[in-house]
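Below you'll find the structure, written out as structure tokens, and then a few comments.
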Amino acid sequence: MNFPFFIARRYLVSKKSHNTINIISGISVCGVALATMALICTLSVFNGFHDMVASFFTAFDPELKIVPAEGKFMQHNDPKLQELRKDTRIAVFTETLEDNALLSYEGRQAIVTLKGVEDNFVELTGIESALYGDGHFELASDPLYYGILGIQLCRSLGVGAHFVDPMQVFAPKKGERINMANPAASFNQEEFLSPGVVFSVKQVKYDANYALISLAQARRVFSAPGAMTALELRCKEGVSVHAIKRDIQKQLGDSYKVLDRYEQQADVFRIMEVEKLLSYVFLTFILMIACFNIIGCLSMLIIDKKDDVRTLRNMGATDEQVGQIFMFEGRLIAALGAVIGLVLGLLLCWCQIQFGWLKLGDTSGNFVIDSYPVSVHFMDVLLVFLTVVVVGYLAVWYPVKSLSKRLLA
């Protein structure tokens, strides 16, 4: 066994001549452990929210989405897109067209994102699991057209899953100026009925702002025959989404972008990653402050062990070995605190997953979930352990080196 490490280990567990040193040593371990536990729990909660939000998007967003690299619209008869339809790894192709429009119902109005989809949209996503009402998913039944609204949009318009009168849709005609004498003539106007359902994906972006209609009707509303804003895809079972995304992007070139679910909601996930990073940085600063206790503990230990140092030097120990003893002592305190903190943090995360002790509100049902979500990732555990070890080492390196030199002098 390494001689300095052996002595440092004995100093860690042995009784000191002054009981205060033992107390400060215990406080140092507890401080590092608490900071480590806070890091584990905080990062795991952010992971839980990340996974929860990702699960909500799967009910509306496709696995892959092809959009134009420039501009808003693309033509459905593009040869590159037609060639892509021959790919046997893709189970569902759905053309979609979305843009802003005005909905009006009995004097109440709302600016919405109107999304025209094909009938196989229900096969593309899990939208059926997000439908509420007595009806079913239906957008067209010649000569009638239907529209499905987000649940919060229904509330703002004062309607339910069933509305008797037709919902009016208005969108400005492309390339025309507003006729001030007759403004209505400058807008395309359509109307649709209710199929008896609304959707709720538990995301304000969709529930409060989106309405689904038939693709054919959307093309008339937006004066965009044959156009689409995206081609949405669902892969067959067992096919790697990442691999097919890379192949499609290579096939289509720079004129199109292929987005997975996370890239479709890049802003949301980027904000969450930034928040997680800032929390990690702030808690690391707290960890550094906790490591200052180790410096105080080692300072008193060096003073307490002056006679031992003299004996070790007489027995042949070099100045470097004596300095390493106290360096190892600081590292052992940091490592012990890290291990205890990791165990406590993982135990708390497990308890939160199993029992949901920490609630989001006093009353059940106020939020989408009742308790804070937790998801432990191995890479976060490894990152926290390495952070504690590195911070502990850097915090004690210079002070111990300086104090050791003074003692040896």
Side-chain angles (χ1 to χ4, degrees), residues 52-63 65 91-171 189-222 228-230 232 234 261 264-265 365 367-369:
M52 181 190 69
V53 172
S55 68
F56 289 157
F57 286 135
T58 59
F60 202 89
D61 294 324
E63 286 184 332
K65 184 176 184 179
V92 180
F93 293 86
T94 296
E95 298 179 8
T96 63
L97 176 65
E98 64 179 74
D99 207 344
N100 294 330
L102 173 70
L103 293 187
S104 177
Y105 186 81
E106 294 184 350
R108 291 180 290 272
Q109 299 176 344
I111 301 295
V112 303
T113 299
L114 202 62
K115 182 170 184 175
V117 300
E118 295 185 274
D119 292 337
N120 63 351
F121 184 75
V122 70
E123 303 172 20
L124 180 81
T125 65
I127 191 66
E128 278 191 321
S129 64
L131 297 179
Y132 297 88
D134 299 330
H136 59 278
F137 186 90
E138 184 179 16
L139 298 177
S141 178
D142 193 34
L144 302 177
Y145 287 97
Y146 301 95
I148 303 176
L149 311 182
I151 190 168
Q152 295 186 36
L153 177 59
C154 287
R155 292 172 186 164
S156 63
L157 289 172
V159 299
H162 293 274
F163 45 87
V164 179
D165 298 326
M167 182 78 67
Q168 304 294 319
V169 184
F170 299 91
Q189 181 178 351
E190 291 282 333
E191 60 182 32
F192 58 80
L193 300 172
S194 168
V197 291
V198 297
F199 68 82
S200 174
V201 295
K202 299 179 176 63
Q203 288 292 321
V204 176
K205 173 183 177 180
Y206 296 128
D207 292 345
N209 301 292
Y210 266 71
L212 297 177
I213 64 171
S214 168
L215 177 63
Q217 188 176 31
R219 283 172 171 165
R220 292 201 305 270
V221 170
F222 298 123
M228 56 183 177
T229 52
E232 301 183 356
R234 180 174 69 80
R261 281 193 174 114
Q264 293 168 42
Q265 306 297 336
F367 299 93
V368 176
I369 53 176

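Values below: all heavy atoms of this structure, side chains included; hydrogens, waters and symmetry mates excluded. All figures in this text were calculated on a predicted structure; none of them were measured in a lab. For the single chain, residues carry numbers from 1 onward in sequence order.
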Quiz item: Do you know which two heavy atoms are closest between Cys154 and Leu149, and how far apart they sit?
Solution: SG-CB, 3.6 Å
Self-check item: Minimum heavy-atom distance Lys65-Ala230, with the two atoms named
Solution: CE-CB, 3.5 Å
Quiz prompt | Distance in Å, Lys115 NZ paired with Ser214 OG, rounded so as to fall on 0.5 Å steps | solution = 14.0 Å
Quiz item: Are the side chain of Gln217 and the backbone N or O of Leu139 linked by a donor-acceptor pair below 3.5 Å?
Solution: no
Self-check item: Any side-chain heavy-atom pair of Phe199 and Tyr206 under 4.5 Å
Solution: yes
Quiz item: Rounded to the nearest 0.5 Å, how far does CZ of Arg234 lie from OG1 of Thr125?
Solution: 9.5 Å
Practice problem: Sequence neighbours left out, what passes side chain to side chain donor-acceptor pair (under 3.5 Å) with Tyr210? Give chain and number order. | Solution: Glu98
Quiz item: What are the two closest non-hydrogen atoms of Val122 and Glu128, and how far apart are they?
Solution: CG2-CG, 3.0 Å
Exercise. Taking the side chain as every heavy atom from C-beta outward, state whether Asp207 and Val201 have any pair of such atoms under 4.5 Å apart.
Key: yes
Quiz prompt | Gap between atom CZ of Arg219 and atom CE of Met228 - 0.5 Å precision | solution = 7.5 Å
Practice problem: Just jot down the salt bridge (Lys or Arg N to Asp or Glu O under 4.0 Å) partners of Glu191, sequence neighbours excluded, or say none. | Solution: none
Exercise. Verify the distance criterion only: is there a donor paired with an acceptor across the side chains of Asn209 and Thr113 at less than 3.5 Å?
Key: no
Quiz item: Under the 3.5 angstrom rule, does the side chain of Thr94 hit a backbone N or O of Glu232 as a donor-acceptor pair?
Solution: no
Quiz item: Taking Asp99 for the side chain and Leu114 for the main chain, is one N or O donor matched with an acceptor at less than 3.5 Å?
Solution: no
Exercise. Please report the shortest heavy-atom distance between Ser104 and Gln109, naming the atom on each side.
Key: OG-CG, 3.9 Å
Self-check item: Atom pair CE (Met167) and CG (Asp165), whose distance is rounded to the nearest 0.5 Å
Solution: 10.0 Å
Practice problem: Apply side-chain contact (heavy atoms from CB on, under 4.5 Å) to the pair Ile127 and Ile148, showing each step before the final yes or no. | Solution: CA-CA 11 Å; Ile127 191 66; Ile148 303 176; over 6 Å; no
Quiz prompt | Of all pairs that satisfy ring pair (Phe, Tyr, Trp, His ring centres under 6.0 Å), the ones with a partner from residues 145-170, not counting sequence neighbours | solution = Tyr105-Phe163
Quiz prompt | Straight-line distance of Glu95 CD to Thr229 OG1, nearest 0.5 Å | solution = 10.5 Å
Quiz item: What is the distance from atom CG of Leu212 to atom CZ of Phe137, rounded to the nearest 0.5 Å?
Solution: 6.0 Å
Quiz item: Which heavy-atom pair separates Gly116 from Ala218 by the least distance, and what is that distance?
Solution: CA-CB, 3.7 Å
Quiz item: What are the two closest heavy atoms between Gln264 and Glu63, and how far apart are they?
Solution: NE2-O, 4.1 Å
Quiz item: Is a donor on one side and an acceptor on the other found under 3.5 Å between the side chain of Glu190 and the backbone of Val169?
Solution: no
Quiz item: Would you call Val117 and Leu124 a side-chain contact if the rule is heavy atoms closer than 4.5 Å?
Solution: no
